Each structure stands twice: as structure tokens, then as C-alpha cells.
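All values derive from a computational prediction rather than experimental measurement. Heads up: numbering here begins at 1 and tracks the sequence. All ligand and atom numbering here is 1-based and tracks the order in the structure.
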Amino acid sequence: MNNKGKLIIISGPSGVGKGSVNGELLQNKDLKLEYSVSMTTRSPREGEVNGVNYFFVSKEEFANAIVNNELIEYANFVGNSYGTPRKYVEEKLNQGKNVILEIEVDGATQVIRSEDNVLSIFLMPPTLNELESRIKGRATESEDKIKARLDKALLEIPLKHNYDYVVENDSVENAVAKITDILIREKCANSTEESKFKNLTEIVQEIVDDKYTYFINNWEANVKLLAHNSEAKSEAENFDARGQLIKLLSSEVYRKILSHGDFSKINNKEFVDFKIQKLMFKINFFSIKQRSDFSGD
Ligand SMILES: Nc1nc2c(ncn2[C@@H]2O[C@H](COP(=O)(O)OP(=O)(O)O)[C@@H](O)[C@H]2O)c(=O)[nH]1
Ligand SMILES: Nc1ncnc2c1ncn2[C@@H]1O[C@H](COP(=O)(O)OP(=O)(O)O)[C@@H](O)[C@H]1O
């Protein structure tokens, strides 16, 4: 069995809290995480150490690394180049470690396209004002650089839908709890703990069986009625509306709480019931296939 580790991409606008959240995640040994130190032409910030936060290099050294195929991916971000050195990442993956790539959206797109064992997470701020106060509060960039980075954030945030998961960093503790659960759910961790997603699915099943049997029967009847050819007819015959509803609702409730809210509510039946009531209005019960904004895993 391939015990190769996963590439865990963590992206998000400058100042959202990538470094803070990753710093906490790396403390949890069950997650088997290693941090990929990037190469950059950006100058070190106060307190940043070469070889720890980044490999700080000249433009020429960076260009050589590209020519020598030393980088898995690279991109330009607000006037500086950033890239992921290949050697260390491949070494750690082969040791079964999961490697965090804290990289921006262009580089992430390259990795998602070129690598097969990738899990991508986009970190979101609660609001743009909060993002601005965090980046200003960090006090590491000049006024003009802060403005350029906030402008860039508006171009990055719409690309969050290209990621497997979107997680709000309202508090580092809540964001870490969410990402830890994702890693457990995606079977990346050594943890004996079960993902809270499993318990959520059981709660959703109880609610569906308690409240939505009539809906399920009508959904199955509609799909059969509207089946217009032999392929659709056979699909309709095999359609398990109850199973599909549980799957869709569990996945949507999980995604919603990752993108906003206190993660500890995920196993609170009253909270889940409230979320499901709103989601039920989105189900297209004339078709098996749902609209793209209703993902389902
Ligand atoms: N493509 C790519 N982006 C990177 C890499 N290393 C860091 N970045 C991203 O470059 C952007 C700027 O990083 P940095 O200057 O440290 O600013 P910060 O986001 O405010 O910490 C961030 O989105 C980082 O995630 C890398 O190796 N490749
Ligand atoms: N959830 C949070 N709430 C408030 N401040 C935060 C939060 N997460 C990070 N910060 C602060 O915001 C600033 C940017 O965090 P940082 O981890 O450097 O972001 P990034 O690596 O995404 O640029 C830092 O001063 C950090 O202490």
C-alpha cells in the first residue's frame, strides 16, 4: 500500500493567519506534518531566519533554481518570487509525512494540476476589515505594500472555490480544530480520534429519517416520472434518494461550518437541524443531479 504522504496546500490572502495556523498545526504530531520552507527573493522580515521561514535568495539564484528544475512550482507575488524546493518535499513525502505548502493561488494551481496526492485548503478572514487590521497589526510591511497585498487579496479570494476546503480563520483555535478534523477525515492523520464528520453524518441520518421521508418518496417518484430514456429509467430505478440526501446534507453542513462558525457546534443536533432546514430548500427534487453550488463530496 502506498504510504506516501500528502501535499497539504494552505493558501489565503496576506495577513489571514496562514503562518499562525500552520504553526499550531505543526505542534500536533498525530498529523505527521512537515513544513516546506520556500525560496523567495523577498527580503526577510524582522525575526525571520534564513532556512527556517524562507530560503532568502537573490533574483539570480532564484532564476538558476528554475533553470535547474529545483522547484516544484513558483510564482510572482506583489513584486517578489516565491517557489517550493522539490528535494525536501519529495524526501518527506516518501517518508510518509504530510508536507504543508503555504503557497499563493497561482502556485497552488500548478501543484493541483501536476501532483496527484494533494489536499488544498483556502484560509479566509471573517471580513476584509479584519484582514486589513491583521496585516497592519503585524506591522511588517510598508503602507504601499499593505495596500498592494490587500488589493491582491480581492483577486485571490474568488479563487477559493478551486480548493477542496474553505476554512474561516475567525480564531486560530477554531481554524486549527477545523483543519485537524479535515486531515483526520481525509485519513492523513495517525489519530485514533474519529473525524467529527462521521458523527455529523449520523445526526443528519436521524433527522432525515425523522422528518424527510415524504420528501424522499416524492424525489424518487419525480425522477422516475421524468426519466426520458432507458439510461435515465435505469438510473431512476437505482436512485437511493435517502442515501443521496444524507450525503448531500452532511457534506454541505460540514462545508458551511468550516467556512463560518464555531466548529464545536458540528455535533449539536439542534444546530445541524437548523442548517438542514435551510439547505432543504436548495435541493432540486426533480433531478438526481444537483446544481454545482450544492457540492456533495
Ligand atoms: N507559489 C508560492 N507562493 C508562496 C511560496 N511561499 C510563500 N508563498 C506565498 O507568497 C505570498 C506572500 O508570502 P509572504 O511574503 O510571506 O507574505 P504573507 O502571506 O503575508 O505571510 C503568500 O500567499 C504565501 O503563501 C512558494 O513557495 N510558492
Ligand atoms: N484568528 C486570528 N485572529 C486575530 N489575529 C490573527 C488571527 N490569526 C492570525 N492573526 C494575526 O494576524 C497577523 C497575520 O498572521 P500571519 O500568520 O502572519 O498571516 P499570513 O501568514 O497569512 O500572512 C499576525 O499578527 C497574527 O498574529
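- Taking every non-hydrogen atom of Asn169 and a distance limit under 4.0 Å, the qualifying atoms of ligand 2 come out as 1 (N), 7 (C), 8 (N).
- Within the 4.0 Å heavy-atom shell around ligand 1 one finds Thr84.
- Closest to atom 19 (O) of ligand 2, if we only count protein heavy atoms, is Gly17 N, 3.0 Å.
- By heavy-atom distance, the residue among Arg134, Glu168, Glu141 lying nearest atom 10 (N) of ligand 2 is Arg134.
- Tyr82 does not carry Arg42 over the face of its six-membered ring by the limits of under 6.0 Å from the centre and within 45° of the normal.
- Proximity of Phe77 to ligand 1, defined as any heavy-atom pair under 4.0 Å, is confined to the side chain (atoms from C-beta onward).
- Close approach of ligand 2 to Glu130 (heavy-atom distance below 4.0 Å) involves ligand atoms 4 (C).
- Ranking protein heavy atoms by distance to atom 1 (N) of ligand 1, first place goes to Glu104 OE2, 2.5 Å.
- Checked against a 3.5 angstrom limit, the closest N/O atoms of Glu102 and ligand 1 fall inside it.
- Among protein heavy atoms, the minimum distance from atom 20 (O) of ligand 1 is reached at Ser14 OG, 2.6 Å.
- Asn64 and Asn68 share no side-chain donor-acceptor pair at under 3.5 Å.
- The structure places NZ of Lys97 at 13.0 Å from CG of Asn3, a figure rounded to the nearest 0.5 Å.
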Query raised in the report: Stepwise, does the side chain to side chain contact (heavy atoms under 4.5 Å, CB included) test hold for Phe56 with Glu48?
Result: CA-CA 10 Å; Phe56 295 101; Glu48 286 187 327; 3.4 Å; yes
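- With contacts defined as side-chain heavy-atom distances shorter than 4.5 Å, the pair Phe62/Tyr74 qualifies.
- Atoms of ligand 2 lying under 4.0 Å from any heavy atom of Gly19, numbered from 1 in the order shown and given with element: 17 (O), 20 (P), 21 (O).
- Of all atoms in ligand 2, listed by their number and element, those nearer than 4.0 Å to a heavy atom of Asp170 are 1 (N), 3 (N).
- Taking 4.0 Å as the cut-off between side-chain N and carboxylate O, Lys87 and Glu70 do not count as a salt-bridged pair.
- Residue contacts with ligand 1: Met39 is excluded, as none of its non-hydrogen atoms falls under 4.0 Å.
- Taking the six-membered ring where the residue is Trp, the centroids of Trp219 and Phe286 are separated by 6.0 Å or more.
- Looking only at heavy atoms of the protein, atom 20 (P) of ligand 2 is closest to Lys18 N, 3.5 Å.
- Closest to atom 28 (N) of ligand 1 among all protein heavy atoms lies Glu73 OE2, 2.7 Å.
- With no hydrogens or angles considered, a side-chain donor-acceptor pair links Arg86 and Asn69 at under 3.5 Å.
- Proximity to Ser171 (heavy-atom distance under 4.0 Å) selects the following atoms of ligand 2: 1 (N).
- Atoms NZ and CD1, on Lys196 and Ile203 in that order, are 11.0 Å from each other to the nearest 0.5 Å.
- Within the structure, ligand 1 has Arg45 among the residues with a heavy atom less than 4.0 angstrom away.
- Counting heavy atoms of neighbouring residues, nucleotides and ligands inside a 6.0 Å radius, atom NZ of Lys224 exceeds 12 of them.
- Distances shorter than 4.0 angstrom do not occur between any heavy atom of Glu141 and any atom of ligand 1.
- In this structure, Gly19 does not count as a contact residue of ligand 1, since none of its heavy atoms falls inside 4.0 Å of the ligand.
- Backbone and side-chain nitrogen or oxygen atoms of Ile10 are examined, and none is located within less than 3.5 angstrom of a nitrogen or oxygen of ligand 1.
- Ser38 OG, 2.9 Å is the protein heavy atom nearest to atom 6 (N) of ligand 1.
- Under the 4.5 Å side-chain criterion, counting only non-hydrogen atoms from C-beta, Ile112 is in contact with Ile9.
- Heavy-atom proximity to Gly15, at under 4.0 Å, picks out these atoms of ligand 1: 20 (O).
- When only interatomic distances are considered, the shortest N/O to N/O separation between Tyr74 and ligand 1 does not fall below 3.5 Å.
- Between the side chains of Glu102 and Asn22, at least one donor N or O lies within less than 3.5 Å of an accepting N or O.
- Counting the atoms of ligand 2 from 1 in the order shown, those under 4.0 Å from a heavy atom of Val172 are 1 (N), 7 (C), 8 (N).
- Under the 3.5 Å distance criterion, the side-chain polar atoms of Thr40 are matched with a main-chain donor or acceptor of Ser81.
- Contact annotation for Ser20 and ligand 2: heavy atoms of both the backbone and the side chain come within less than 4.0 Å of the ligand.
- Among all protein heavy atoms, the one lying closest to atom 18 (O) of ligand 2 is Arg138 NH1, 2.9 Å.
- Counting only heavy atoms of the protein, atom 17 (O) of ligand 1 lies nearest to Arg149 NH1, 2.8 Å.
- Two residues are said to be in side-chain contact when any heavy atoms from C-beta on lie closer than 4.5 Å; Ile207 and Val204 fail this criterion.
- Atom 19 (O) of ligand 1 has its closest protein heavy atom at Lys18 NZ, 3.0 Å.
- Within ligand 1, the atoms closer than 4.0 Å to a non-hydrogen atom of Gly107 are 1 (N), numbered from 1 in the order shown.
- Between the side chains of Asn129 and Thr127, no donor-acceptor pair is found at a separation under 3.5 Å.
- A donor atom on one side chain and an acceptor atom on the other are found under 3.5 Å apart for Gln95 and Lys92.
- If you check which protein heavy atom lies closest to atom 16 (O) of ligand 1, you get Tyr54 OH, 2.5 Å.
- Residue-to-ligand polar distances place Gly15 within reach of ligand 2: an N/O pair is separated by less than 3.5 Å.
- Looking at Arg185 and Ser195, their side chains never bring a donor and an acceptor atom within 3.5 Å of each other.
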